[in-house]
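Ligands are counted one by one from 1 in listed order, and the atoms in each one are counted from 1 as well. Note that the coordinates shown come from a computational prediction; the quantities given were computed from them, not determined experimentally.
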Amino acid sequence: MKPIQVGLLGIGTVGSGTFNVLKRNQQEIQGRAGRGIEITMVADLDVARAQSVVGPDVKVVNDARAVIANPEIDIVIELIGGYGIAKALVLEAIAAGKHVVTANKALLAVHGTEIFAAASAKGVMVAFEAAVAGGIPIIKALREGLTANRIQWIAGIINGTTNFILSEMRDKGLDFDVVLKEAQRLGYAEADPTFDIEGVDAAHKVTLMSAIAFGIPVQFDKAYVEGITKLGAADIKYAEQLGYRIKLLGITKRTAAGIELRVHPTLVPAKRLIANVEGAMNAVMAHGDAVGTTLYYGKGAGSEPTASAVIADLVDITRLHTADAAQRVPHLAFQPDAISNTPVLAMSEVVTSYYLRLRVADEAGVLAKVTGLLAEAGISIDAVLQREADEISGEAATQTDVIILTHDCAEAKMNAALAQMQALPTVLQPITRIRKEELA
Ligand code: NDP
Ligand code: HSE
């Protein structure tokens, strides 16, 4: 049978990995797909560079629309990124009856509803395994492997750049900026690295997982997003002393009131496997009512790890494209008429526990006032740590850090208590608040 013809839009980090892995492993991949899969046309702005990657046998153009217009092309891979031209090209490819593979989590988290609806109407597939956790087949696991379960929660390290930064800062004492540059050099970081460090990229990914896990529409605009740029070295150190590591987690949970959807730095018990995921590695925990807690670990970024997921999608489409569209796995795991309108909760409604660090005057009664305010608010304390002034480098001996771990309480209640504590004259700096999850 003639190989299935693939057109590739954008041959940068992931595109070149996809081309190379597909070529290197073509026999095995064909053995699995039942048919050859060939990238026969590539579009990139830098035609000369692209041609040097793919060699003389593949047609390279600088106009992506020429790929979409080619009637020989069955599948279009979009690896340009962003919401601009990528959105137009994906919708045009769908309109032209092409199946689409994309690693573009930003595009799907924001415009997924429109794109999946267009694909369903046209009877084509939009596959996006590479969009979440790079090489880890987490979409497949959530959409198919855990299909028997009522999924309760997902928590994941789903941004390699920030995990790399946190690991290097902790292990080697390196500065934030130095490590970010290295992550960019290694090809982990997004074109705009603020998406990584401000938590936006992780929020795109957890938004997609939330939709698949709970059968709700993709709703990036409802996600709470907080990155790692305000994290201090002191908090990483104090967390360790209390038996925790700080990780940027994407969390989505089913509660009686609705769905939690949030990204923020999180204290995780150091004894949990996920707390020991280092460097650019990703890991996702998913808890289902039947299976219990499961953990998926692997490379979440980089050229060939991400290509691994892109090619898995190519194989799926090659196997399924002749099947009746109604028999295929739905884009978001649930059939369109089973998608629910369960609300995504505002952050103020989320219930979690907290790490608080207060820089206070080292005077009698200060701790009592702070804990008194928490008690009045009905917030229960789990642990308190006080660091003597001489452990605070460069600070006057009249100040001390008080670290408090709390039990669960609603975020709104914590916000009100924080405002009262901050107003105390003996609280000398803005209070640091980091959320804590036991992931038991
Ligand atoms: P790159 O920037 O390395 O590659 C993008 C490529 O697209 C570049 O070669 C660029 O050309 C080309 N391009 C830009 N505009 C056009 C256009 N209009 N027509 C044709 N080509 C164009 O990005 P990545 O490979 O890193 O990322 C691609 C996608 O994969 C993104 O959505 C990203 O979020 C996602 N992703 C990336 C991962 C990674 O580890 N890098 C992991 C998981 C997902 P030029 O350079 O000349 O501008
Ligand atoms: N910038 C992303 C990361 C790439 O660092 O994880 C993978 O999606």
Side-chain angles (χ1 to χ4, degrees), residues 7-19 41-54 60-68 76-90 92-93 101-110 128-136 138-139 156-167 179-180 182-206 208 227-228 248 250 263 277 279-284 298-310 313:
L8 173 56
L9 313 183
I11 186 157
T13 303
V14 182
S16 56
T18 301
F19 186 84
M41 195 169 178
V42 170
D44 198 281
L45 298 181
D46 188 339
V47 172
R49 186 183 48 78
Q51 197 78 66
S52 75
V53 175
V54 299
V60 178
V61 294
N62 72 355
D63 177 10
R65 292 194 163 94
V67 176
I68 294 169
V76 169
I77 311 179
E78 182 278 305
L79 293 175
I80 293 171
Y83 325 97
I85 185 72
K87 181 186 176 198
L89 294 172
V90 163
E92 285 171 34
V101 175
T102 180
N104 193 337
K105 54 267 170 166
L107 176 64
L108 294 181
V110 176
F128 56 98
E129 183 63 70
V132 182
I136 305 174
I138 189 65
I139 299 297
I157 296 171
I158 44 179
N159 182 268
T161 301
T162 43
N163 204 51
F164 182 71
I165 291 172
L166 292 175
S167 299
V179 193
L180 173 60
E182 180 64 359
Q184 287 175 293
R185 192 187 66 75
L186 292 166
Y188 305 147
E190 293 303 302
D192 177 357
T194 57
F195 271 31
D196 295 297
I197 61 182
E198 295 296 357
V200 176
D201 176 71
H204 289 147
K205 294 166 180 168
V206 74
L208 291 170
I228 63 165
L248 184 72
V263 171
V277 170
M281 302 304 281
N282 280 197
V284 180
K299 288 188 178 157
S303 181
E304 293 205 355
T306 312
S308 167
V310 170
D313 281 343

Can you find a non-hydrogen atom of A130 under 4.0 Å from ligand 1?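 Yes, that is the case, since the closest heavy atom of the residue is under 4.0 Å from the ligand.
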Notebook entry, point to check: Is ligand 1 less than 4.0 angstrom away from at least one heavy atom of G302?
Noted result: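 In this structure, G302 qualifies as a contact of ligand 1 - some heavy atom is under 4.0 Å.
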When you measure from [atom] to each heavy atom in [options], which option holds the nearest one?
{"atom": "atom 34 (O) of ligand 1", "options": "E78, E190, E304, H204", "value": "E190"}
{"atom": "atom 36 (N) of ligand 1", "options": "R65, K105, R49", "value": "K105"}
{"atom": "atom 8 (C) of ligand 1", "options": "T161, D44, D46", "value": "D44"}

Using 30° and 60° as the class limits, which term best fits the ring planes of Y83 and F195: parallel, tilted or perpendicular?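 The arrangement is tilted - the two ring planes meet at 30° to 60°.
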### Task
Starting from atom 7 (O) of ligand 1, locate the nearest protein heavy atom and write down its residue, its atom name and how far away it is, to 0.1 Å.
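Checking every protein heavy atom, the shortest distance to atom 7 (O) of ligand 1 gives G10 CA, 3.3 Å.
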Just let me know how T13 lines up against ligand 1, side chain, backbone, both or neither, with a heavy-atom cut-off below 4.0 Å.
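Answer for T13: both.
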Exercise for review: Just let me know how I11 lines up against ligand 1, side chain, backbone, both or neither, with a heavy-atom cut-off below 4.0 Å.
Suggested key: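 For I11, only backbone atoms sit under 4.0 Å from ligand 1.
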List every atom of ligand 1 that sits less than 4.0 Å from any heavy atom of [X], numbering the atoms from 1 in the order shown and giving each element.
{"X": "A43", "result": "20 (C), 21 (N)"}
{"X": "G187", "result": "39 (C), 40 (O), 41 (N)"}
{"X": "A301", "result": "40 (O)"}

>> I'd like the contact residues of ligand 2, where contact means a heavy atom below 4.0 Å.
In response: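 Residue list for ligand 2: K105, N159, G160, T161, Y188, A189, E190, D196, D201, K205, G300, A301.
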*Is atom 23 (O) of ligand 1 in close reach of the protein, with a heavy atom under 4.0 Å away?*
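When distances to the protein are checked, atom 23 (O) of ligand 1 has no heavy atom within 4.0 Å.
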Margin query: With the threshold set strictly below 4.0 angstrom, can you tell me whether any protein non-hydrogen atom sits that near atom 2 (O) of ligand 1?
Written below: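 Given the 4.0 Å cut-off, atom 2 (O) of ligand 1 does not count as touching protein heavy atoms.
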- Query: Looking at CG of L9 and CZ of R65, how far apart are the two atoms once the value is rounded to the nearest 0.5 Å?
  - Reply: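 Output value for this atom pair is 10.5 Å.
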Q.
So, taking the atom named CG in L79 and the one named OG1 in T18, what distance separates them when rounded to the nearest 0.5 Å?
A.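 Between atom CG of L79 and atom OG1 of T18 there are 5.5 Å.
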L166, V284, N163, T162 screened by side-chain contact (heavy atoms from CB on, under 4.5 Å) with I157, the one that passes: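 Running side-chain contact (heavy atoms from CB on, under 4.5 Å) over L166, V284, N163, T162 with I157 returns exactly one hit, N163.
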Just to verify, which of L108, V206, I138, N282 counts as forming a side-chain contact (heavy atoms from CB on, under 4.5 Å) with V132?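 Answer after filtering L108, V206, I138, N282: I138.
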| query | Would you say V14 has any N or O atom under 3.5 Å from an N or O of ligand 1, going by distance alone? | reply |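 Yes, at least one N or O pair falls under 3.5 Å.
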